[in-house]
Structure formats: structure tokens, C-alpha cells
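Quick note on labels: first sequence line is chain A, next is B, and so on, each numbered from 1. All values reported here derive from a predicted model rather than from experimental measurement.
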Protein chains: 2
Amino acid sequence: MNRFTIRPEPHTQCSACPVRGLAWFEPGSQEDAARREQLRSTQYQAPTGQILFQEGDTLRRAYTLFSGWVIRYKVLKNGQRQVLSIALPGDFIGYRADFGAPLDYSAVAATPVVLCSFSEYNIETLMQDDPTLTRKLIQIQCQQAQECRLRLSYVGQAPALQRFAMFLCELTTRLSQRGIDITQPIDIPLNREDIADAIGVTSVHLSRISADLRKKQIVDCRYNRLIPKDLEALQRLAHDND
Amino acid sequence: MNRFTIRPEPHTQCSACPVRGLAWFEPGSQEDAARREQLRSTQYQAPTGQILFQEGDTLRRAYTLFSGWVIRYKVLKNGQRQVLSIALPGDFIGYRADFGAPLDYSAVAATPVVLCSFSEYNIETLMQDDPTLTRKLIQIQCQQAQECRLRLSYVGQAPALQRFAMFLCELTTRLSQRGIDITQPIDIPLNREDIADAIGVTSVHLSRISADLRKKQIVDCRYNRLIPKDLEALQRLAHDND
DNA sequence: CGTTAAGTTGAAGCGTCTCAAGATTGGTGG
DNA sequence: CCACCAATCTTGAGACGCTTCAACTTAACG
């Protein structure tokens with residue numbers, strides 16, 4: 001497996017981290033964060049397209065995504081890929097209760113990324129020293145499970161247009177939480193196939209659906225750019241009130 | 001919301017619990033289990049079809065399923081139901097990191113069930129008293145998230161026949177873990193619609209697929225009974241090696 | 001047995017997929 | 001600055017899988 005490189009010094013300080021409010025280290029004061037920083041092993045960086053880990057690996061670490069976008073996915077035996085989620089800055093990836101067990105999904109960088117790495121041992125130590133971090137970790141797991149259930153429900157039951165609307169709603173909401181103005185055009189580092197694999201359709205069919213949304217003046221999502229036109233209509237479509 | 005009834009005394013003892021090995025109280029000795037039992041609020045029972053909780057409820061408790069089957073599901077705004085998972089004895093249902101937040105899914109009894117109830121306060125107390133229970137809880141959450149990711153991947157990407165095979169494989173594996181002989185006919189308290197809603201097809205189409213598997217002498221799954229004929233072929237089908 | 005709910009089967013229609021040709025974009029070098 | 005290229009995206013036409021609706025069959029239960 002390819003290694004990613006250690007990010008050049010100076011590394012970011014947890015006490016001044018712009019995404020801490022969304023991340024595992026959210027609880028506590030700046031001093032708490034600074035103290036914990038000693039147990040953050042290293043910051044890594046990786047280029048677009050770099051596979052961060054693969055299903056089946058036994059990686060004894062987990063990462064907080066500091067910057068960039070990461071695609072979590074599974075590949076079926078028939079070669080089809082299901083995109084499980086899009087990880088954005090602050091998201092915790094690769095964690096398992098048992099680091100001895102192999103990972104059940106893969107992750108690839110959709111942009112250049114910076115990752116804050118935590119070794120198994122340091123995660124254990126952090127949780128023993130600070131029960132609020134244990135609590136936060138449980139909350140993160142619950143949140144991820146909840147998001148997965150939501151995706152399962154719409155991938156299983158909704159027609160393609162509604163699935164796409166739900167995907168875009170979730171994405172814009174999460175981008176908005178990260179301070180991005182979702183009324184302006186947004187660069188989206190996902191191609192047609194990434195999004196198609198997330199909502200369980202082919203990229204060809206996604207193109208047609210995307211054209212529908214454009215003609216209806218709801219969103220224009222083409223060539224890695226998302227131009228919201230009528231976010232309320234998008235939400236109505238996602239939540240099936242029309 | 002309907003209440004379920006308190007199970008008549010005597011309640012089961014955690015120290016002698018037949019499903020403890022699969023449940024939250026798994027870690028530790030029989031004495032540990034007996035001590036913890038004081039913080040298990042009550043045992044409840046509910047008949048087939050009873051809704052245990054609904055999406056949107058703010059239930060300040062969680063349950064270990066002691067006996068029976070429970071269907072976890074979400075209902076979309078368009079009325080479609082996605083079955084998220086089938087809970088079997090030992091499974092932990094209704095837990096969230098924040099009991100103040102509303103539930104994101106519903107649960108209904110597929111058989112008469114007995115539930116071991118835990119109040120929010122008692123869960124907190126148990127976890128503070130015993131870090132191994134915190135650890136086990138994290139493990140349960142990770143496991144549930146992992147199962148959800150697996151289902152998302154096959155519901156999103158596999159054709160209906162393979163989805164059904166995967167569903168049956170998962171079910172037989174879990175029944176086998178609970179001591180059921182899966183080479184013999186098994187009563188399955190799920191109707192066509194339950195299974196169809198789990199794998200994201202209509203019950204009509206599931207009937208056709210089920211007929212295929214029967215004709216191929218792989219499994220006979222009709223009228224709430226599962227008769228395995230060739231479990232290896234089923235697994236091959238589920239894992240797409242043919 | 002007769003009744004009812006659930007499951008099965010058939011036929012037609014729709015949504016999505018496949019394959020293939022054209023259009024758009026961003027990068028590269030003249 | 002423009003021509004060209006490769007990769008990605010869009011569009012069209014036909015095929016296939018799944019859904020819908022409706023009639024029939026089977027199982028469960030008094």
C-alpha cells in the first residue's frame with residue numbers, strides 16, 4: 001500500500017483548529033485541545049486520488065479529516081462500487097472499536113487532503129484520560145449510523161430524482177455547517193460517477209436527472225460545479241412534498 | 001403511544017441470561033451481571049405487531065431484545081417503508097448518544113417480544129461504574145454501523161436476486177450464532193412485504209425471485225418458513241461467484 | 001369446510017440500464 | 001492565443017428489470 005507523506009512543519013495546532021467544533025476534539029477548552037494535541041500522532045497529506053485505506057486492511061489508526069474531501073466506499077464482488085458517504089473537514093474516518101479487525105470499507109481522497117492521525121494506543125489513552133472524549137466518540141458513531149440509515153432508506157425506496165435531491169440536500173447542509181455560502185456556486189470535487197455510485201444509479205441516468213433539475217430551475221450541477229437556483233424547491237423535492 | 005405491559009414476575013436474571021453472550025452485558029462475570037441487573041429498569045412484553053417506538057419519539061430509554069424478533073424501519077414521506085434491520089435476541093435497540101434527540105427510526109414487534117429496559121440514567125450510571133460496558137457499547141454501535149453499510153452497498157448496487165440472497169445469508173448467519181440449526185426448516189416471522197421492504201423491491205417481484213431460488217434448489221422460502229437446500233450455493237450467489 | 005389474509009402468477013407499462021455517438025471541459029504544446 | 005487532445009459529460013435509441021394492477025392459488029383458522 002502506498003504511504004502518504006508527512007505534512008511539512010509546522011503542523012496545525014489543535015487549539016487553533018478551524019474545524020475542531022465539528023470534530024472529535026470538539027469538547028472542552030483550548031487548553032484541553034492543546035494538551036490532547038500531544039497524542040495526535042502526526043499530520044499527513046495525500047494527493048487527489050490517493051487511496052487512504054482499503055476494505056480488508058488492518059489499519060491501527062484513525063483520522064480526523066482536516067482539509068479536503070474523502071469518499072468512503074465499498075466495492076461489491078461484481079465490481080460495482082457503492083459510495084457510502086462523503087467525508088468533509090472535521091469528519092472522523094477509519095475508526096473501529098476493534099482495530100485488530102479489518103476495515104469494512106475503503107477511502108479515497110477526492111481532493112488533496114490533510115489528515116490528523118491518531119494511533120490506536122493514543123485513542124485509548126485519550127479516552128481514558130478524558131471521559132468527555134469517549135462520550136463524543138459515541139456521539140460520532142451514532143451520528144454516522146444515523147446518516148447511514150437515512151441513506152439506506154432513500155437508496156432503497158426513492159426514485160432516482162428524489163435520491164439525487166436528497167444527496168444534494170445533505171451535501172449543501174453539511175457544507176453550510178462548514179461556513180460555505182450555499183447560495184453561491186460551489187466547486188464540487190465529485191464527478192458524475194461518484195455521485196451516481198452514491199445514490200445507486202448509473203452516471204448516464206444521473207445525467208438525465210441532472211438535466212431535469214436544471215430545466216426545472218432548481219439546481220445546475222455540471223462539470224464539478226453546483227449552482228443552486230431554488231434550494232427550497234430542492235428540499236421539497238427531497239422530502240416529497242409536491 | 002401504546003404502552004407495553006410489564007412482564008409478570010419473576011423476571012429473568014441477567015446472571016443466568018441465555019442471550020447475555022450476544023448482548024450489552026456480555027463483558028464480565030456472572031457476579032458482574034447480577035450487580036448490573038439492579039440498574040436494568042424492568043422487563044416488558046409486547047404482542048406481535050406492537051409498535052415499540054416511532055421515528056420522532058423522544059424515548060429516554062433503550063432496550064435489549066430478550067426474546068422474539070423486532071423490525072427496525074423508516075417510513076419515507078411518500079409512504080414507502082425501508083426495513084433497516086431485523087433485530088434478534090441480544091440486540092440493543094433504541095440507543096442514542098443523546099436521549100434528548102428524537103429517534104430516527106421506528107421499531108415494531110414481528111413476534112411476541114420480551115424487552116429488557118434501561119433508562120437513560122441507568123445507562124449513564126452503568127457506563128460510569130464499568131468502563132468495559134462503555135467499550136462494549138462502542139463496539140455494538142460500530143457493529144450496527146458496519147451492518148448498515150453492508151446493506152446500503154447491496155441495496156444500492158446488487159440486482160434483486162442477489163440482494164435477496166445476501167439478506168438470507170445475513171439472517172441465517174445470525175440465527176446460527178443464536179444456536180439455531182440452519183440446515184433444518186426455520187420459522188421466519190416475516191412476510192413477503194417485510195423482506196421486500198428490507199431489500200428494496202416490491203413483494204410481487206420478491207415472489208418471482210423467491211420462485212427462482214426454489215426452482216434452482218437453493219432455498220424454499222414461502223409462507224413464513226425457510227427451508228435451506230443448498231446453503232453454499234446461496235452464499236455463492238450472495239457473494240457473486242458464479 | 002368456508003372465509004379471509006397472504007402469496008403467486010400473468011400481462012402491460014415505466015424507470016433505469018446499456019451501448020454508442022456527439023458535446024463540453026480543462027490541459028498541453030505549438 | 002489558439003489548436004488539439006483526452007477525459008468527462010450529455011443525449012439518443014433500444015433492451016431489460018422491476019413495478020403495477022388484477023386474477024388466481026395457497027395457507028391458516030374458526
**Q** Take a 6.0 Å sphere around CZ of A:Arg178 and say whether it holds more than 12 heavy atoms from other residues, nucleotides or ligands.
**A**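 Yes, because the 6.0 Å sphere around CZ of A:Arg178 holds more than 12 heavy atoms from other groups.
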**Q** Rounded to whole angstroms, how far apart are CG on A:Asp194 and C1' on D:dC9?
**A**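 It works out to 13 Å between those atoms.
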**Q** Could you tell me how far apart B:Asn191 (CG) and D:dA28 (C1') are, to the nearest whole angstrom?
**A**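 After rounding, the gap between these two atoms is 14 Å.
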**Q** Just to verify, which of A:Val19, A:Thr42, A:Thr64, A:Thr12 counts as forming a side chain to side chain contact (heavy atoms under 4.5 Å, CB included) with A:Cys116?
**A**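 It is A:Thr64; the other options fail the test.
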**Q** If you assign each of A:Asn224 and A:Arg208 to its closest nucleotide in DNA chain D, which residue comes earlier from the 5' end?
**A**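 Taking each residue's closest nucleotide, the earlier one in sequence belongs to A:Asn224.
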**Q** Going by the angle between their ring planes, with limits at 30° and 60°, are A:Phe118 and A:Phe92 parallel, tilted or perpendicular?
**A**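 Rings of A:Phe118 and A:Phe92: perpendicular, over 60°.
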**Q** Tell me which nucleotide among C:dT9, D:dC18, C:dT18 gets nearest to the side chain of B:Pro159.
**A**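 My answer, after comparing the listed nucleotides, is D:dC18.
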**Q** Starting at the 5' end of DNA chain C and moving along, which residue's nearest nucleotide shows up first, A:Gln80 or B:Arg214?
**A**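 Its nucleotide being nearer the 5' end, the pick is B:Arg214.
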**Q** Could you tell me the separation between the CG atom of A:Asp212 and the C1' atom of D:dC9, rounded to a whole number of Å?
**A**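 So the CG-C1' distance, A:Asp212 to D:dC9, works out to 16 Å.
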**Q** What is the distance, to the nearest angstrom, from the CZ atom on B:Phe164 to the P atom on D:dG17?
**A**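 Atom CZ in B:Phe164 sits about 18 Å away from atom P in D:dG17.
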**Q** Could you tell me whether B:Val201 contacts a base, only the sugar-phosphate backbone, or nothing, with contacts defined as non-hydrogen atoms closer than 4.0 Å?
**A**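 Sugar-phosphate contact only.
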**Q** Using the side-chain contact (heavy atoms from CB on, under 4.5 Å) rule, take A:Val83 and A:Phe167 through it: C-alpha gap first, then chi angles, then the decisive distance, then the call.
**A** CA-CA 11 Å; A:Val83 168; A:Phe167 176 85; 5.8 Å; no
**Q** Taking the ring centre of each residue, are B:Tyr95 and B:Trp24 less than 6.0 Å apart?
**A**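 When the ring centroids of B:Tyr95 and B:Trp24 are compared, they turn out to be at least 6.0 Å apart.
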**Q** Please tell me if B:Thr202 has a side-chain N or O lying less than 4.0 Å from either OP1 or OP2 of D:dC18.
**A**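 No.
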**Q** Could you work out which one of C:dT9, D:dC9, D:dT19 sits closest to the side chain of A:Ser207?
**A**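 Within the option list, the nearest is D:dC9.
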**Q** Rounded to whole angstrom units, what separation is found between the CG atom of B:Leu206 and the C1' atom of C:dT9?
**A**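 Going from B:Leu206 (CG) to C:dT9 (C1'), I get 14 Å.
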**Q** Between C:dT16, D:dA27, C:dG26, which nucleotide has the shortest distance from any of its atoms to the side chain of A:Arg225?
**A**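 Per side-chain heavy atoms of A:Arg225, the pick is C:dG26.
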**Q** How many Å lie between CD1 on A:Ile188 and P on C:dT25, as a whole number?
**A**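 Interatomic distance, CD1 of A:Ile188 to P of C:dT25: 17 Å.
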**Q** In whole angstrom, what separates A:Arg163's CZ from C:dG15's C1'?
**A**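 Taking CZ of A:Arg163 and C1' of C:dG15, I get 10 Å after rounding.
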**Q** Taking CZ from B:Arg192 and P from D:dA27, how many angstroms apart are they, rounded to a whole number?
**A**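 Roughly 13 Å, once rounded to whole Å.
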**Q** Taking only the side-chain heavy atoms of A:Tyr223 (C-beta and beyond), determine which of D:dT19, C:dT16, D:dC9 contains the nearest atom.
**A**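 Nearest to the side-chain atoms of A:Tyr223, counting from C-beta on, is D:dC9.
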